[in-house]
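In the text below, chain A, chain B and the rest are named by the order of the sequence lines, each starting its count at 1.
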Protein chains: 2
Amino acid sequence: MVLETATAQQQVLDAADALFYERGVQAVGMDAIRSASGVSLKRLYQLFPSKENLIEAYLDRRDALWKSMLASHVDAATDPRSRILAVFEFLHDWFRQRDYRGCAFINSFGELGTVSPRVAELALQHKEGFRQALIQLSTEAGAADPERLADHLILLSEGAITRSAISGSPDPALRAREAAVLLLDASLPS
Amino acid sequence: MVLETATAQQQVLDAADALFYERGVQAVGMDAIRSASGVSLKRLYQLFPSKENLIEAYLDRRDALWKSMLASHVDAATDPRSRILAVFEFLHDWFRQRDYRGCAFINSFGELGTVSPRVAELALQHKEGFRQALIQLSTEAGAADPERLADHLILLSEGAITRSAISGSPDPALRAREAAVLLLDASLPS
DNA sequence: ATCGCAGGAGAACGCCCGTTCTCCACCCAC
DNA sequence: GTGGGTGGAGAACGGGCGTTCTCCTGCGAT
């Protein structure tokens, strides 16, 4: 046996993640994933029967990783207010990664949203998961209208994500945090 | 003469705009633009010597149109505060367009940002133009730190742009307006 | 009337895509 | 040892890409 199935899957997903995220889904051919992962085309296709299938797996893994990174930042804080602000510190850390290129879901949606209902659905689910997390944090902080506060915080976060990608600077996370403080002051009981 | 040069250019740009915006730049071939515009491939290539060139023209025109739509909404208001809020009413109108699919610059940046410096530059310029407009409005409204307020308003706007695209609903513009009101209350002299 | 050339239709070119197939080397059960 | 199946390398396939080229029609200037 040349390679454990589990290992081969990891290597394919690692390569797919790096390439899809850096260059976009459409610009990366299966052959590029083959040579980056070292897994033969034949095996690649028995692990992931089509490119669309591999794209789904790529997005699924991104979603899980993103959620766990967010959770670890949030859970490092105890005060409800600082748990909310931890979201923006998570974003700042994320934006500082050397290869940061925006949100994989937004980028994939831009490429395939009209043509692949599955990608559109995964993007929506990813963002909805983030929304639920913010509603939870807003509720814990005692917001009078947690959904409203959560929506406001999402707008700041998504705005920071795209502005940071285009400008190449992590600073939008700090600006978003500033604005979040103002919104919390206005929306939370002192 | 079969077609005025100016007319042919318009038809090519109209077709490019519709197709590039709907399906993304990479997914649309020159042949699709040819048949949608009715302009022969030969003429198309003497009007725009390469696809990259046509993409630039597409983005340039989007930028000009976007700026003029924004300006006409803003200029319909006289009170400095409502001129700022007019930005979000402009967004709401935009999001309600049947074919709304997010910001062409964000989408193109996601597709080509790493591979085409020109596209990355045009995206940055477009967003910087928006930022300058918001700084101007914030200054006119008497903000103590106009750049700071403008950055906060940008985050809300960009967030609304992507959330509206992914969710398919124009509501994020209303949420963004709500949050903008809170930020204005906190940042402008009463 | 004839020349010249702009412009249309679409084939041609070289390349890359996603996917499948061929061929061959290897390794385990018997 | 031998058979069978797994998996590697890479060619093959059908199609689309951006771009250029060929061929032909039609019209304005001389």
Checklist entry - Any Lys/Arg nitrogen of Asp171(A) or Arg177(A) sitting under 4.0 Å from an Asp/Glu carboxylate oxygen of the other? => result no
Item to check | SB check Asp63(B) Lys67(B) (cutoff 4.0 Å) | outcome: yes
Item to check | Separation of dG8(C) C1' from Arg34(B) CZ (nearest whole Å) | outcome: 9 Å
Checklist entry - Counting only N and O atoms by type, is there a donor-acceptor contact under 3.5 Å from the side chain of Tyr45(B) to the main-chain atoms of Lys51(B)? => result no
Checklist entry - If the sugar-phosphate is the primed atoms plus P, OP1 and OP2 and the base is the rest, what is the B/S/- string for nucleotides 13-24 of chain C, using protein heavy atoms under 4.0 Å? => result ----SSBB-BB-
Item to check | Under 3.5 Å side-chain donor-acceptor pair for Gln132(B) and Gln136(B) | outcome: no
Item to check | Whole angstrom value for the distance that separates C1' of dG7(D) from CG of Leu47(A) | outcome: 11 Å
Checklist entry - Does OP1 or OP2 of dG8(D) have a side-chain N or O of Arg43(A) closer than 4.0 Å? => result yes
Checklist entry - With a cut-off of under 6.0 Å to the ring centre and 45° to the axis, is Arg62(B) in cation-pi contact with Phe105(B)? => result no
